[in-house]
Amino acid sequence: MLDRKFLRENQDLVVRSVALKNESVDIAAYYAMDAERRAALQETETLQAEANRANKAISEKKKAGEDASADIAAMKDTAARIKDLKARADELEQQVEQLYMRIPNVPHESVPPGGEENNQVVRTWGEPADPGFTVMPHWDIGAELGIFHPERAARMSGSGFTVLTGDGARLERALINWFLDVHREQGYVEANIPYLVGPKAMTGTGQLPKLADDMYHCPGDDLYLIPTAEVSVTNLHMEETIAAEDLPLKYCAFSPCFRREAGAAGKDTRGLLRVHQFHKVEMVKFTRPETSWDELESLTADAEELLQKLELPYRVLTLATGDLSFAACKCYDLEVWSAGVGKWLEVSSCSNFTDFQARRAGIRFKGPDGKGFVHTLNGSGLALPRILVAVMENYQTADGRIRVPPVLAPYLGGMEYIG
């Protein structure tokens, strides 16, 4: 969330940011009710001062044996007015708080305005190769090799779920272990985190209240299945003050991810392209404010290193304001080329949230040269379904096998091919 003083002093910027992000919050109502709330509090303070003076005057009249009945009657009217104002201020505060929690982060000045069509390609790496044969989409080669079974998942869970068996399951596990090993070499501390969290943690990272309908909720325990390890890892330091000299802190974590909303009906829903449950390795950083933009670049480079070592062609995009998430100030998307489906697939989003999440979760830093809220950053390193798609399609051979990427061979007992 944004600082309320910042909201008051930068109203034009905030109103413009809400529009640029296509958020539905009634920002005009927020400012109107907040102004009324502050006016009520100010009048309460004025009347309270008058009441204190009146009390003193009443006391002095009584001591002097004078009639204070008129003053007492006026005092009762003032007390009633104060009570009404406090009640109104409390009512307004509840309404203001509900709107306040729906005000998005302000996009960084370098973020292009507009929707998805205005996302800007920053750089590319590698070139999509022409294999000299027609590449099968992953659902076809997965079925032929007997490692991919969406129909079995559908029978037990419905659409949007998958089953991998045999070497398909082993390939995903190899990717997970390799991701974590590379991140450890990059200086990240591995964390094993809860997959169920309370509403406070979801609110801290910005999933609630905005994305409540997209979450899987267990009402009996009031716990949510995490949509990403970002939620649990960021909240590792909920309501803590971190020593400034310990920053930056860098964590990575593997988790399953659960998302009720799996995309528009009929759009990119076949195979592994868009699912309700998937695996992902996440990177999270806690930094000082003055270093967070450099840390965003290095975070993105850490995710890119994985794609380069996998030898998968990819591109990096700066997301436009309308494609930016609620809590993000700036985001780079990494998209990998997949030969079978013939399109670029998002496999990582690397974001700087500035102090937006830290304010919600109460994560501060303190040192000899300053204190305040940390900046939080995160990025996928990487999301598994579409990386599996890219490997199954880009490493496909003319005879219907999948070549194992060299960096994964040690994790698969030296295996060179699947199939």
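By convention here, the first residue in the shown sequence is residue 1. Since this is a predicted model, take the numbers as computed values, not measurements.
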query = Between the side chain of Q396 and the main-chain N/O of M136, is any donor-acceptor distance below 3.5 Å?
reply = yes

Practice problem: Answer yes or no: is there a side-chain heavy-atom contact under 4.5 Å between V106 and C329? | Solution: no

K330 and T318 have their tightest heavy-atom pair at CE-CG2, 4.1 Å

Query raised in the report: So do the side chains of F179 and S380 get within less than 4.5 Å of each other, counting heavy atoms only?
Result: no

On the 0 to 90° scale, with breaks at 30° and 60°, tag the H138-F148 ring pair as parallel, tilted or perpendicular. tilted

*asked:* Counting C-beta onward and ignoring hydrogens, is there a side-chain heavy-atom pair between E304 and R123 closer than 4.5 Å?
replied: yes

Between the side chain of E282 and the main-chain N/O of A229, is any donor-acceptor distance below 3.5 Å?
no

Practice problem: Return yes if some donor-acceptor pair links the side-chain N/O of S255 with the main-chain N/O of Y195 below 3.5 Å, else return no. | Solution: no

Tell me whether N52 at atom CG has more than 12 heavy atoms from other residues, nucleotides or ligands lying less than 6.0 Å away.
yes

Step by step, work out the salt bridge (charged side-chain N to carboxylate O under 4.0 Å, His left out) result for E151 and R155. CA-CA 6 Å; E151 73 289 345; R155 285 200 294 268; 5.5 Å; no

(message) Are E36 and R88 packed together at the side-chain level, in the sense that at least one heavy-atom pair is separated by less than 4.5 angstrom?
(response) yes

### Query
Hey, what's the ring geometry for F326 with F356, parallel, tilted or perpendicular (30° and 60° as the breaks)?
perpendicular

Partner of E239 under salt bridge (charged side-chain N to carboxylate O under 4.0 Å, His left out), picked from R360, R359, K200, R364, is K200

In short, M392 meets G142 closest at the heavy-atom pair CE-CA, 3.8 Å

The residue among L317, L345, T124 that forms side chain to side chain contact (heavy atoms under 4.5 Å, CB included) with E335 is L317

Nearest heavy-atom approach of L225 to F258 is CB-CD1, 3.7 Å

What class does the angle between the rings of H108 and W293 fall in, given that below 30° is parallel, 30 to 60° is tilted and above 60° is perpendicular?
tilted

(request) Mark yes or no for whether Q48, through its side chain, and I82, through its backbone, hold a donor-acceptor pair below 3.5 Å. (result) no

Note: V374 and A358 closest approach over all heavy atoms is O-CB, 3.2 Å

Exercise. Hey, is CD on E109 packed in by over 12 heavy atoms from elsewhere, all under 6.0 Å?
Worked result: no

Taking N105 for the side chain and A327 for the main chain, is one N or O donor matched with an acceptor at less than 3.5 Å? yes

Taking atom CD of E117 as the centre, does the number of heavy atoms from other residues, nucleotides or ligands within less than 6.0 Å exceed 12? yes

Item to check | Backbone N/O of A253 and side chain of Y188: donor-acceptor pair under 3.5 Å | outcome: no

May I ask you to decide if the ring planes of H237 and Y251 are parallel, tilted or perpendicular, using 30° and 60° as cut-offs? tilted

Requested in this report: Give a yes or no on whether the backbone of P256 and the side-chain of H279 come within a donor-acceptor separation of less than 3.5 Å.
Outcome: no

Is the backbone of L382 close enough, under 3.5 Å, to the side chain of S348 for a donor and an acceptor to pair up by distance? no

Exercise. Report yes if the side chains of K250 and M283 come closer than 4.5 Å at any heavy-atom pair, otherwise no.
Key: no

### Query
Below 4.0 angstrom, N of the basic side chain to O of the carboxylate: do D34 and R38 qualify?
yes

Check: Would you find a donor on one side and an acceptor on the other, under 3.5 Å apart, between the side chain of D167 and the backbone of I147?
Finding: no

Next on the checklist: Any non-hydrogen side-chain atom of V96 less than 4.5 Å from a side-chain atom of R4?
Outcome noted: yes

With a 3.5 Å cut-off and no angle check, do the side chains of K280 and T228 form a donor-acceptor pair?
yes

Does CD in Q42 sit with more than 12 non-hydrogen atoms of other residues, nucleotides or ligands closer than 6.0 Å? no

Side chain proximity check, V14 to D12, heavy atoms < 4.5 angstrom:
no

Quiz item: Is there side-chain contact between T376 and V284, with heavy atoms separated by less than 4.5 Å?
Solution: no

Exercise for review: May I ask you to say whether E23 pairs ionically with K21, meaning some side-chain N is under 4.0 Å from a carboxylate O?
Suggested key: no

**Asked** Just by distance, do the side chain of N10 and the backbone of F6 share a donor-acceptor pair under 3.5 Å?
**Response** yes

